[in-house]
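The structure appears below as structure tokens.
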Amino acid sequence: VQLQASGGGLVQPGGSLRLSCAASGNIFSIDAMRWYRQVPGKQRDLVATISTSGTYYADSVKGRFTISRDNAKNTVYLQMNSLKPEDTAVYYCNAEIYSGSSYPYVLRDYWGQGTQVTVSS
């Protein structure tokens with residue numbers, strides 16, 4: 001099982017970016033999917049979560065970021081609007097995935113490789 005993140009880049013303050021993260025491999029089902037971000041020298045912080053229970057956002061991104069998923073494509077998205085310089089970080093996707101060819105399926109946490117988002121004029 002692999003997670004492949006994409007969509008990062010350089011954007012001006014106030015701009016928008018859309019991150020994608022696609023899961024592939026021997027997947028039975030996916031529970032929660034999340035986006036984290038990390039600045040060099042600091043801990044990795046949770047940005048947003050989407051699950052059957054709903055969505056969660058960190059206070060710093062509420063009203064600006066939207067997490068969504070396409071279950072048919074095993075993909076999670078993060079639409080980021082009104083970007084600020086303090087949103088600059090490496091963004092990582094994370095997913096709780098049941099994998100395997102038959103029962104009992106194995107539940108594990110998987111991480112994408114990270115995608116750089118830089119907000120600067």
Side-chain angles (χ1 to χ4, degrees):
V1 175
Q2 290 185 331
L3 293 181
Q4 181 69 42
S6 61
L10 173 64
V11 63
Q12 291 186 342
S16 298
L17 280 176
R18 188 193 195 205
L19 306 183
S20 300
C21 177
S24 61
N26 198 1
I27 297 170
F28 173 70
S29 67
I30 303 177
D31 281 359
M33 303 185 84
R34 302 179 177 91
W35 286 98
Y36 288 77
R37 64 186 182 187
Q38 188 171 25
V39 175
K42 295 192 175 181
Q43 68 179 18
R44 191 171 295 186
D45 293 326
L46 178 62
V47 174
T49 302
I50 186 166
S51 69
T52 55
S53 301
T55 56
Y56 160 85
Y57 296 95
D59 287 343
S60 59
V61 306
K62 279 181 183 176
R64 300 188 297 122
F65 290 11
T66 302
I67 189 170
S68 61
R69 62 192 286 177
D70 184 334
N71 291 328
K73 296 181 179 179
N74 290 332
T75 299
V76 62
Y77 304 96
L78 186 68
Q79 178 66 43
M80 305 184 294
N81 298 328
S82 302
L83 282 162
K84 304 175 181 180
E86 50 263 43
D87 294 318
T88 296
V90 178
Y91 284 71
Y92 296 90
C93 56
N94 166 272
E96 299 171 1
I97 299 177
Y98 285 92
S99 63
S101 301
S102 61
Y103 184 86
Y105 303 99
V106 177
L107 178 63
R108 259 197 59 189
D109 244 23
Y110 291 88
W111 290 88
Q113 82 283 11
T115 184
Q116 176 71 46
V117 172
T118 302
V119 185
S120 175
S121 55

*If you link I, L, V, M, F, W and Y whenever their side-chain heavy atoms are under 4.5 Å apart, who else ends up in the same group as Tyr56?*
Tyr36, Leu46, Val90, Tyr92, Trp111
_According to salt bridge (Lys or Arg N to Asp or Glu O under 4.0 Å), who are the partners of Arg69, at least two apart in sequence or on a separate chain?_
none
*Going by heavy atoms in the side chains, are Thr88 and Val39 under 4.5 Å from each other?*
no
Which value, rounded to the nearest 0.5 Å, describes the distance between [X] atom [atom1] and [Y] atom [atom2]?
X: Arg34; Y: Thr55; atom1: CZ; atom2: OG1; answer: 13.0 Å
X: Asn74; Y: Ser24; atom1: CG; atom2: OG; answer: 8.5 Å
X: Asp31; Y: Thr49; atom1: CG; atom2: OG1; answer: 12.5 Å

At their closest point, which heavy atom of [X] faces which heavy atom of [Y], and how far apart are they?
X: Ala5; Y: Gln113; result: O-NE2, 2.8 Å
X: Tyr77; Y: Ser20; result: CD2-OG, 3.3 Å
X: Ile97; Y: Ala23; result: CD1-CB, 4.1 Å

Using the disulfide bond (SG atoms under 2.5 Å apart) rule, collect all pairs that involve [range], keeping only residues at least two apart or in two chains.
range: residues 12-74; answer: Cys21-Cys93
range: residues 25-87; answer: none
range: residues 32-61; answer: none

*asked:* Just to verify, what does Gln79 make a side-chain hydrogen bond (donor to acceptor under 3.5 Å, both in side chains) with, not counting sequence neighbours?
replied: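 Result, side-chain hydrogen bond (donor to acceptor under 3.5 Å, both in side chains) vs Gln79: Asn81.
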*With Gln43, which residues qualify under side-chain hydrogen bond (donor to acceptor under 3.5 Å, both in side chains), at least two apart?*
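Partners of Gln43 under the side-chain hydrogen bond (donor to acceptor under 3.5 Å, both in side chains) test: Asp45.
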Donor-acceptor list for residues 98-109 side chains, cut-off 3.5 Å, not counting sequence neighbours:
residue: Ser101; atom: OG; partner: Asn26; partner atom: ND2; Å: 2.9
residue: Asp109; atom: OD2; partner: Asn94; partner atom: ND2; Å: 3.3

Under 3.5 Å, side-chain donor or acceptor atoms of residues 58-65 against the rest of the protein: list the pairs with distances, not counting sequence neighbours.
residue: Asp59; atom: OD1; partner: Lys62; partner atom: NZ; Å: 3.2
residue: Ser60; atom: OG; partner: Arg37; partner atom: NH2; Å: 3.3
residue: Arg64; atom: NH1; partner: Ser82; partner atom: O; Å: 3.0
residue: Arg64; atom: NH1; partner: Asp87; partner atom: OD2; Å: 2.7
residue: Arg64; atom: NH2; partner: Ser60; partner atom: O; Å: 2.8
residue: Arg64; atom: NH2; partner: Asp87; partner atom: OD1; Å: 3.0
residue: Arg64; atom: NH2; partner: Asp87; partner atom: OD2; Å: 3.4

*Those residues that, when tested against Ala22, pass side-chain contact (heavy atoms from CB on, under 4.5 Å) (two or more places apart)*: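 Result, side-chain contact (heavy atoms from CB on, under 4.5 Å) vs Ala22: Thr75.
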_Under the side-chain contact (heavy atoms from CB on, under 4.5 Å) test, residues paired with Ala48 that sit two or more places apart_ = Tyr57, Ile67, Leu78
_Residues Leu83, Leu17; criterion side-chain contact (heavy atoms from CB on, under 4.5 Å); working and verdict_ = CA-CA 8 Å; Leu83 282 162; Leu17 280 176; 4.2 Å; yes
*Tell me, with the steps shown, if Met33 and Glu96 meet side-chain contact (heavy atoms from CB on, under 4.5 Å).*
CA-CA 7 Å; Met33 303 185 84; Glu96 299 171 1; over 6 Å; no
Without placing hydrogens or testing angles, list every side-chain donor-acceptor pair under 3.5 Å for residues 114-121, not counting sequence neighbours.
residue: Thr115; atom: OG1; partner: Gly8; partner atom: N; Å: 3.1
residue: Gln116; atom: NE2; partner: Ala89; partner atom: O; Å: 3.4
residue: Gln116; atom: NE2; partner: Thr118; partner atom: OG1; Å: 3.3

